[in-house]
Amino acid sequence: MPSPAVPATPTVIPIRASVDPRYTWDLSSIFPDWDAWETAVATLAESIEAYKAYEGTLGQGPAQFLGALRDRDALGQLSYRVWYYPSLQYDEDQRNNAINARRQRVQLLLARWQQATSWFNPELLRLPIETVREWMASSPELAMYRFAIEEVYRLQAHVLDPQGEQLLSLSERLGSVPRDAYASLSTADARFPTITLSTGESVQVSYGQYRKLLATCRSQADRRAAYEALYDTYTASLNTYAALYNGVMQGDWFEARSRGYTTTLDAALFGNAIPTSVVENLIREARAGVAPFRRYHQLRKRVLGLSDYHVFDAFVPLVDFEQRYPYDDVLEWIVEAVAPLGAEYQARVRRAFTGRWIDVYENQGKRSGAYSAPVYGANPYMLLNYNDTLDDVFTLAHELGHSMHTLLSHETQPFVYSGYTIFVAEVPSTLNEALLLELLLARATSREERVVLLQHAIDNISGTFFNQVLFADFELQAHRLVEQDQPITSETLSGIYAALLQEYWGDALSADDRAQHTWARVPHFFQSPYYVYQYATCFASTAKLMEEIGSSDGQTRAVAVERYLDLLRAGGSGQPMSLLARAGVDLSQPETVRAVVAQLDGLVSRLEDELG
């Protein structure tokens with residue numbers, strides 16, 4: 001199991017050249033060298049110019065139409081490789097201006113490509129759909145594009161005439177103003193205060209430092225000081241934040257009405273053909289299933305020995321447990337963890353480890369965070385900043401889930417369907433994490449380690465499911481006030497949020513005047529309305545899939561695994577709800593959301609048993 005923690009030593013971030021190549025990615029599956037990349041750039045530039053010849057010709061017949069589709073796909077495939085070769089190398093060291101210049105060359109080239117193909121959909125839509133369907137019926141090669149073509153026509157239902165589209169395009173500049181203003185007010189213009197902790201250390205409470213303090217400070221007084229400092233920074237401009245959010249919502253409502261939608265929610269969900277019942281079911285069932293969520297926080301209050309319990313007490317570890325998880329030690333654990341998905345899936349995971357698909361450790365200038373890059377025509381690549389923590393182990397499993405999704409999709413689907421939407425993207429990543437959790441819990445050798453693992457899993461559900469549903473609930477209620485021509489003030493928005501805190505947290509949370517203003521510091525509300533619910537639906541989908549993949553009945557388990565793998569193989573070849581339905585997940589049904597509640601209930605019960 002994990003290695004015991006060693007005394008802290010000064011952290012020295014290595015230069016790139018000193019990192020063992022075994023822990024760096026090998027990008028030769030994209031291009032062997034820069035000369036090959038330059039040749040591909042020239043080919044892409046020439047092909048973009050040549051593609052313009054298709055303009056005005058789609059109506060000539062199925063052969064010409066098929067040629068335009070295939071050549072567009074070829075351009076897309078080449079652009080993936082041309083883009084990712086410098087982009088991934090830039091992320092190795094973002095101080096490298098020479099590589100950044102190459103990356104910017106590709107950005108300009110891709111902008112030309114978008115311009116060169118911008119005529120395609122408008123010209124297609126001028127063709128009667130009956131004609132195009134006849135062409136597809138007579139050509140198996142063209143029929144492959146059926147879903148993609150039908151989607152273009154479906155999405156046309158809310159496209160205006162050219163004059164209307166021109167007006168809406170002009171209004172986009174106005175719509176971006178409250179979003180840009182929020183970014184400036186909450187970051188560039190924010191003046192985060194400095195506090196002195198009980199240790200004597202002075203800390204400026206930026207958002208990043210705030211999260212760190214809440215997760216590491218054993219002193220509730222220190223956590224409270226950080227919380228009050230951060231929240232007071234936002235509440236000082238609360239009326240301005242309310243005005244900006246009103247501007248965002250008014251813009252959403254303006255565009256929804258302009259395009260003929262009944263509500264802003266309808267407008268937000270139409271692109272992926274998601275019924276509004278999905279969001280409504282999600283909120284309704286989450287509200288009905290808060291009991292284990294509240295029970296967990298009541299347990300935390302007791303174990304931490306607190307007389308009152310606040311949102312800033314929700315992240316500190318329940319036990320002290322310091323262990324290191326060296327990268328080489330955890331690779332076979334992850335391979336073993338995904339055994340329920342079959343030997344072929346395990347073999348693909350091993351290929352990722354042995355084939356140098358992963359850039360493992362931090363080095364000077366390297367991009368922070370983690371991601372999986374879907375390079376069509378090559379293998380996926382994963383960037384990590386692995387530091388031997390438990391979170392890093394789960395991040396590795398998470399990004400491998402994305403990469404396996406990409407790999408199976410690319411192996412199975414033509415380019416046009418190789419991508420997938422966010423609505424399904426987080427399912428394989430969270431399912432990988434769930435499988436790893438079960439393995440680590442089975443192998444844990446101490447009570448402390450089991451508690452840490454259980455808290456990790458429970459906090460994941462709390463943050464990715466319940467908190468995100470609460471956020472979705474808030475923005476739905478706020479948008480509905482705008483749709484009803486009701487006034488939007490800071491008191492209105494804080495009143496909604498206060499009621500939701502009571503609805504979800506109940507008596508697990510002590511009275512607190514500041515928590516109701518949390519909406520002001522959630523960037524998604526201002527930058528990406530109606531986005532957060534997808535985090536929760538992915539989690540619900542995973543919980544439902546895990547019920548069957550973990551079934552004691554061998555036949556049920558085998559069918560569930562194959563349906564799940566078919567979901568990954570499907571890529572973007574259908575609407576996300578229909579793809580999930582084939583895997584046995586119906587997000588419009590209460591049972592799917594209840595699977596998360598049941599999962600949380602089981603985890604909390606196990607934690608209660610460990611803590612007594």
Side-chain angles (χ1 to χ4, degrees), residues 154-186 234 237-284 421-423 468-500 516-537:
R154 183 183 72 83
L155 293 172
Q156 177 66 11
H158 292 279
V159 175
L160 308 183
D161 60 26
Q163 292 82 6
E165 287 297 320
Q166 173 68 10
L167 281 173
L168 285 184
S169 69
L170 293 173
S171 74
E172 287 178 6
R173 301 180 186 180
L174 296 174
S176 67
V177 171
R179 291 173 167 84
D180 293 343
Y182 175 80
S184 296
L185 183 63
S186 62
Y234 285 92
S237 303
L238 199 62
N239 292 324
T240 305
Y241 283 117
L244 292 174
Y245 191 40
N246 187 29
V248 170
M249 293 190 292
Q250 294 292 349
D252 293 341
W253 185 219
F254 166 76
E255 179 157 359
R257 283 184 293 180
S258 298
R259 294 194 178 280
Y261 294 103
T262 305
T263 67
T264 53
L265 182 62
D266 287 304
L269 302 186
F270 180 75
N272 282 329
I274 308 297
T276 56
S277 59
V278 168
V279 175
E280 292 160 352
N281 176 61
L282 182 71
I283 291 171
R284 181 178 61 253
T421 69
I422 182 65
F423 198 78
Q468 301 303 325
V469 176
L470 188 156
F471 288 168
D473 202 340
F474 171 82
E475 61 182 347
L476 180 59
Q477 290 190 44
H479 276 83
R480 283 178 172 169
L481 288 180
V482 169
E483 293 164 11
Q484 296 162 8
D485 293 327
Q486 296 298 308
I488 301 296
T489 66
S490 60
E491 288 84 0
T492 304
L493 297 172
S494 296
I496 294 172
Y497 205 90
L500 288 173
Q516 64 182 322
H517 307 315
T518 298
W519 60 268
R521 68 171 190 85
V522 180
H524 277 103
F525 292 159
F526 298 83
Q527 306 292 0
S528 308
Y530 290 124
Y531 187 88
V532 295
Y533 83 94
Q534 296 174 103
Y535 294 125
T537 54

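Just so we're clear, the structure is a prediction, and the values are computed from it rather than from any experiment. In what follows, every heavy atom counts, from backbone to side chain, and hydrogens, waters and symmetry copies are set aside.
- Rounding to the nearest 0.5 Å places CD of Gln468 at 10.5 Å from OH of Tyr531.
- No side-chain heavy atom of Val522 sits less than 4.5 Å from a side-chain heavy atom of Glu475.
- Partners of Thr262 by side chain to side chain contact (heavy atoms under 4.5 Å, CB included), not counting sequence neighbours, listed by chain and number: Asp266.
- By the salt bridge (Lys or Arg N to Asp or Glu O under 4.0 Å) test, Arg480 is found to be paired with Glu280, residues two or more places apart in sequence or in another chain being considered.
- With rounding to the nearest 0.5 Å, the separation of OG1 in Thr276 from CG in Leu265 is 6.0 Å.
- Not a single salt bridge (Lys or Arg N to Asp or Glu O under 4.0 Å) links Glu483 to another residue, sequence neighbours left out.
- Arg154 contributes a side-chain N or O that, together with a main-chain N or O of Gly271, makes up a donor-acceptor pair within less than 3.5 Å.
- Going from atom CD1 of Ile274 over to atom CD of Gln534 covers 7.5 Å, rounded to the nearest 0.5 Å.
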Item checked: side-chain contact (heavy atoms from CB on, under 4.5 Å) between Phe525 and Leu244, worked out -> CA-CA 11 Å; Phe525 292 159; Leu244 292 174; over 6 Å; no
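- Aromatic rings from Tyr535 and Phe471 are positioned such that their centres are separated by 6.0 Å or more.
- Checked by atom type and distance alone, the side chain of Glu165 pairs as donor or acceptor with a backbone atom of Leu160 at under 3.5 Å.
- Remark: Thr518 OG1 to Phe474 CZ distance equals 9.5 Å, nearest 0.5 Å.
- Between Leu269 and Tyr533 the shortest side-chain heavy-atom distance falls below 4.5 Å.
- In this structure, Tyr245 OH and Ile488 CD1 are separated by 8.5 Å, a value rounded to the nearest 0.5 Å.
- Gln516 places no side-chain N or O within donor-acceptor distance of the main-chain N or O of Gly495, the cut-off being under 3.5 Å.
- Nearest heavy atom pair, residue Tyr261 against residue Ala267, reads CD1-CB, 3.5 Å.
- For the atom pair Thr489 OG1 and Asn246 CG, the distance stands at 9.5 Å (nearest 0.5 Å).
- Residues Trp253 and Arg257 meet the side-chain proximity criterion, which asks for heavy atoms closer than 4.5 Å.
- Here the two rings, on Tyr530 and His479, have centers that are under 6.0 Å apart.
- Using a 4.5 Å cut-off on side-chain heavy atoms (C-beta onward), Pro178 and Phe526 make no contact.
- Between Leu500 and Gln477 there is a side-chain heavy-atom pair separated by less than 4.5 Å.
- Checked against a 6.0 Å centroid threshold, the rings of His158 and Phe270 count as neighbours.
- Across Ala536 and Leu282, no two heavy atoms sit closer than the pair CB-CD2, 3.9 Å.
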Item checked: Full working for side-chain contact (heavy atoms from CB on, under 4.5 Å) between Leu168 and Ser171 -> CA-CA 5 Å; Leu168 285 184; Ser171 74; 4.1 Å; yes
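- Using a 4.5 Å heavy-atom cutoff, the side chains of Ser494 and Leu238 are in contact.
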